[in-house]
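Below, chains carry the letters A, B, ... as their sequence lines are ordered, and counting in each starts from 1.
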Number of protein chains: 2
Amino acid sequence: MDLGQRAHRPAEGQLARKINHLIATLYPDERTRPGFAKLAQKIRETTGSAISSTYLWELATGKKHNLTQSTLTTLAEFFGVPREYFLNDEVAARVDSQLELALALRNQKVRSIALRAEGLSDETLDSILTMLSQARKIEKLPPLEGERERPGSDG
Amino acid sequence: MDLGQRAHRPAEGQLARKINHLIATLYPDERTRPGFAKLAQKIRETTGSAISSTYLWELATGKKHNLTQSTLTTLAEFFGVPREYFLNDEVAARVDSQLELALALRNQKVRSIALRAEGLSDETLDSILTMLSQARKIEKLPPLEGERERPGSDG
DNA sequence: CGAGATCGTCCGCTTCAGCGGACAACCGGG
DNA sequence: CCCGGTTGTCCGCTGAAGCGGACGATCTCG
């Protein structure tokens, strides 16, 4: 049986990039940029929590990736980014649609529709979906982004 | 000295409460509420990832708290809440007020419907609402708690 | 030139997130 | 009554998160 077959994602490697990117951003001058040891020390001084230099290196080189809450919080606090910065990419699409959803739900009627649609059979839902797509065309609304090309996420 | 001993984590104890709250909200009927074993099974079916019943219990009783990314993601996905729900109390409160909605949105097609409904004109929305109410009758679904004959004027 | 500091890298260890299995207590059906 | 299933609870284990310490290489100071 295929239980957790998609345990590994290609976006995992992004964490290492993000950390390196944050370091490079925080210390633009490559000559004076501190190493992982100095960095770990600064993290401890700044945030009060500690992350070892070894582990920093493992994260920056992609050796480890499944952070715990405390580590994530410490990193986010030190680099001055929201925690979602590190979570973001892995579920970018999902979060994206969530945000879009939150905006959509500001309309009271849209909320009512969502509530009413809940529990209906798949066929009925499909019918509603088809109808809505038609209505969107008729009312000349832009199509929803199914899969949009994400240009240049810095490579 | 271990200066990383900062106990600045008020949300730690809250995690157990949040999980219990989510379970209680998802299954309001205490009699038919599944136990941790059944819950774990449902999580695996719904999200594709697995969380053991033992661990669920440990989380719900506050035995463990420092989740990893994967676990956090699985929980958030299953309960239909953003991950920040577990990290941020403000988000939790905000989400709680809309939990009924969040529950409805666990159906991917319902979410799609909500997204497609956004931006449509009032008349079209009314048509959709009427259609949905009819469909609910046809499919013998119980009426919504706040359902009105003519929605819209009530905020 | 060498002393010392810092660099990236790696090995081995400890700790704990997370799981499997077992247990007694309960509930429903025969 | 007993059986089978589910409940909450717990113990012990595996594996990975995370750390400490060491290594050679580089750079600067004197």
Side-chain angles (χ1 to χ4, degrees), chain A residues 1 3-4 7-9 12-13 15-16 19-20 23-24 26-27 29-45 47-78 83 86-87 90, chain B residues 1-6 9 11-13 15-17 19-20 23-24 26-27 29-45 47-78 83 86-87:
Chain A
M1 280 297 253
L3 298 179
H8 291 82
R9 282 154 289 222
E12 269 182 0
L15 177 67
I19 290 184
N20 283 310
I23 296 176
L26 199 55
Y27 303 94
D29 190 354
E30 204 164 345
R31 296 296 142 201
T32 66
R33 182 178 306 164
F36 294 115
K38 284 268 185 183
L39 206 55
Q41 181 186 342
K42 277 186 173 289
I43 288 179
R44 193 171 56 191
E45 293 170 359
T47 67
S49 304
I51 296 183
S52 73
S53 61
T54 303
Y55 192 44
L56 278 178
W57 170 74
E58 287 172 324
L59 294 179
T61 53
K63 259 81 176 175
K64 304 282 178 71
H65 36 263
N66 198 16
L67 308 184
T68 59
Q69 303 298 353
S70 34
T71 306
L72 182 76
T73 302
T74 302
L75 281 178
E77 185 181 352
F78 175 72
R83 274 176 290 213
F86 299 104
L87 317 176
E90 208 169 344
Chain B
M1 280 316 177
D2 41 75
L3 25 83
Q5 203 60 28
R6 284 291 222 110
R9 240 152 278 142
E12 263 189 5
L15 177 68
R17 292 181 199 282
I19 290 184
N20 282 309
I23 295 176
L26 229 179
Y27 302 95
D29 190 354
E30 205 164 344
R31 297 297 142 198
T32 66
R33 182 177 306 164
F36 294 115
K38 282 270 184 180
L39 206 56
Q41 180 186 342
K42 277 185 173 285
I43 288 179
R44 190 171 58 190
E45 292 171 359
T47 68
S49 303
I51 296 184
S52 73
S53 60
T54 304
Y55 193 45
L56 278 179
W57 170 75
E58 288 173 325
L59 294 180
T61 52
K63 258 78 176 175
K64 304 280 180 71
H65 38 263
N66 199 17
L67 308 184
T68 59
Q69 305 298 358
S70 33
T71 306
L72 183 76
T73 301
T74 303
L75 281 178
E77 185 181 354
F78 173 72
R83 278 132 118 179
F86 298 104
L87 313 176

Q: Closest to the I51(B) side chain: dA17(D), dT9(C), dC19(C)?
A: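 Out of dA17(D), dT9(C), dC19(C), the nucleotide with an atom closest to I51(B)'s side chain is dC19(C).
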Q: Once you round it to whole Å, what is the distance between P of dT9(D) and NZ of K63(B)?
A: 7 Å
Q: Measure across S52(A) and A40(A) and return the closest heavy-atom pair with its distance rounded to 0.1 Å.
A: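 So the minimum-distance heavy-atom pair works out to C-CB, 4.0 Å.
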Q: Only one of L59(B), T71(B), L72(B), L67(B) passes side chain to side chain contact (heavy atoms under 4.5 Å, CB included) with F86(B); say which it is.
A: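 One option only clears the test, and that one is L72(B).
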Q: Considering only dC19(D), dC19(C), dT6(C), which nucleotide approaches the side chain of K38(A) most closely?
A: dT6(C)
Q: How many Å lie between CG on L75(B) and P on dC19(C), as a whole number?
A: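 One finds 10 Å between P of dC19(C) and CG of L75(B), rounded.
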Q: Run L56(B) and I19(B) through side-chain contact (heavy atoms from CB on, under 4.5 Å) and show every step you take.
A: CA-CA 9 Å; L56(B) 278 179; I19(B) 290 184; 5.5 Å; no
Q: Please evaluate the base of dG8(C) for a donor-acceptor partner in the side chain of S53(A) within a cut-off of under 3.5 Å?
A: no
Q: Let me know the distance between CD of E58(A) and C1' of dC11(C), rounded to the nearest Å.
A: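 Nearest whole value for this atom pair: 10 Å.
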Q: For Q41(A) and dA5(C), give me the distance from atom CD to atom P, rounded to whole Å.
A: 13 Å
Q: Looking at every strand, decide which applies to T71(B) at a 4.0 Å heavy-atom threshold: base, sugar-phosphate, or nothing.
A: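 Contact class for T71(B): sugar-phosphate only.
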Q: Hey, is CD on E45(B) packed in by over 12 heavy atoms from elsewhere, all under 6.0 Å?
A: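 Yes, enclosed.
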Q: Please determine whether a side-chain nitrogen or oxygen atom of K64(A) lies at a distance below 4.0 Å from atom OP1 or OP2 of dA16(D).
A: no
Q: N66(B) CG to dG18(D) P: how many Å, rounded?
A: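 So the CG-P distance, N66(B) to dG18(D), works out to 7 Å.
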Q: Using heavy-atom distances to pick each residue's nearest nucleotide on DNA chain C, tell me which of Y55(B) and F36(A) is more 5'.
A: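 Nearest nucleotide further toward 5': that of F36(A).
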Q: Would T32(B) and Y27(B) count as a side-chain contact (heavy atoms from CB on, under 4.5 Å) if you check the C-alpha gap in whole Å, the side-chain angles of each, and the deciding distance to 0.1 Å?
A: CA-CA 8 Å; T32(B) 66; Y27(B) 302 95; 5.8 Å; no
Q: Do any side-chain nitrogens or oxygens of W57(B) fall under 4.0 Å of OP1 or OP2 in dG8(D)?
A: no
Q: Let me spell it out: for each of P34(B) and S52(A), pick the nucleotide of DNA chain D with the closest heavy atom. Which residue's pick is nearer the 5' end?
A: P34(B)
Q: Between I43(B) (CD1) and dG18(C) (C1'), how many Å, whole number?
A: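 Spelled out: CD1 on I43(B) to C1' on dG18(C) is 13 Å.
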Q: Measure CG/L67(A) against P/dA17(C) and give the value in whole Å, please.
A: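 Those two atoms, CG and P, are 14 Å apart.
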Q: Could you state the CG-C1' distance from L56(B) to dA17(C), rounded to the nearest angstrom?
A: 13 Å
Q: Ignoring hydrogens and angles, are the base of dG21(D) and the side chain of T54(A) linked by a donor-acceptor pair under 3.5 Å?
A: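 Result: at least one qualifying N/O pair found.
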